[in-house]
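Written below as structure tokens is the structure these notes are about.
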Amino acid sequence: MQHDLFDTRAAGPGEPRPLADGAWHLPGFALEGELALLAAVAAISAAAPFRQMDTPGGYRMSVAMSNAGSLGWVSDAHGYRYATIDPLSGQPWPALPECMLQLAQAAAAAAGFAHFQPDACLVNRYAPGSKLALHQDRDERDFSAPIVSVSLGLPAVFLLGGLRRSDPTQKVLLQHGDVVVWGGPARLRYHGVSTLKPGLHPLLGAQRINLTLRRAA
DNA sequence: AAGTACCA
DNA sequence: CCCT
């Protein structure tokens, strides 16, 4: 049976793979810095614990979220927005760790987006069963900066659609250390993550952590 | 699919 | 509206 789910990766980084005009899969791009990234995630979640946010429609997201940087993405009954203060702690979000900034800039450059200056990192924690429905990232002030997405822990199927929700999606298997970058003509493409399958990752156990770096302001 | 309540 |  033919399937369209690419499995890249041997042991290390692979060749950048174009997904669409302005969208790239960088297999293993974050592997070299994995330990620093994991330590940074631990520090972030100690200050700004993961929490499942509510949607304006009255549902609770299955993915647990935290943020680092001067702005953090939040959702509640009133809507989606970026906030300077973590509504859970009442404190500013933890600073964007240097290792995340460096990685995001290098990945953006590798995908053809120079001078990426992210000011926000949304940290998503997927437990088995968690998913993220198809959506666009449109709460940022300008769409000229790309989105850089870093996958850690359990593998997941990333769905990349088009500019309309009804456009067909391609499935991309994202493994620990993979990075996806989309910007330019792909910046507003719909995207999502299929339901996470159970499993145990050697470093992270039964979870997937996704870092999404963006310029919000 | 439409509700939700916000907003481009 | 990244939700069901």
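Treat the numbers as computed from the prediction; the structure is a model and nothing was measured. Just the heavy atoms: all of them, side chains too, but no hydrogens, waters or symmetry mates, feed the values below. Chain identifiers are assigned alphabetically (A, B, ...) following the order of the sequence lines, protein sequences preceding nucleic acid strands; residue numbering begins at 1 within each chain.
No donor-acceptor pair closer than 3.5 Å links the side chain of Arg125(A) to the backbone N or O of Gln207(A).
One interatomic measurement links the two molecules: OH of Tyr80(A) to P of dC7(B), which rounds to 13 Å at whole-angstrom precision. Following rounding to the nearest Å, Met61(A) (CE) and dC1(C) (P) show an atom-to-atom distance of 14 Å. Taking atom OH on Tyr82(A) and atom C1' on dC7(B), their separation rounds to 17 Å, with Å as the unit. Computed from coordinates, the Gln136(A) CD to dC7(B) P distance equals 17 Å when rounded to whole Å. Put simply, CZ on Arg165(A) is 9 Å from P on dC3(C), counting in whole angstrom units. Spacing between atom CG of Asp76(A) and atom P of dA5(B) amounts to 13 Å, rounded to whole angstrom units. For Phe143(A) and dA8(B), the CZ to P distance is 9 Å, given to the nearest whole Å. The CG-P distance, from Leu134(A) to dA1(B), rounds to 14 Å in whole Å.
Ring stacking is absent between Tyr59(A) and dT4(B), as the pair misses the limits of under 5.5 Å between centres and under 30 degrees between planes.
Relative to the side chain of Ala133(A), the nucleotides dC2(C), dC1(C), dC3(C) differ in distance, and dC3(C) lies closest. Across dG3(B), dC2(C), dC1(C), the shortest atom-to-atom separation from the side chain of Pro56(A) is found for dC1(C). Counting only heavy atoms from C-beta on, Lys131(A) has its side chain closest to dT4(C) among dC2(C), dC3(C), dT4(C).
Remark: dA2(B) base-pairs with dT4(C); criterion is Watson-Crick or G-U wobble with both hydrogen-bond distances under 3.5 Å.
Each of Val150(A), Val148(A), Leu213(A) was checked for a side-chain contact (heavy atoms from CB on, under 4.5 Å) with Met100(A), and the lone residue meeting it is Leu213(A).
At a threshold of 4.0 angstrom between heavy atoms, the contacts of Asp54(A) with the nucleic acid are absent.
No donor-acceptor contact under 3.5 Å links the side chain of Asp139(A) to the base of dC1(C).
Ion pairing between Asp76(A) and Arg81(A) holds under the 4.0 Å rule for side-chain N and carboxylate O.
The two residues Trp93(A) and Thr84(A) make their nearest non-hydrogen contact at CD1-O, 3.5 Å.
Between Phe29(A) and Trp24(A), a ring centre-to-centre spacing not shorter than 6.0 Å is recorded.
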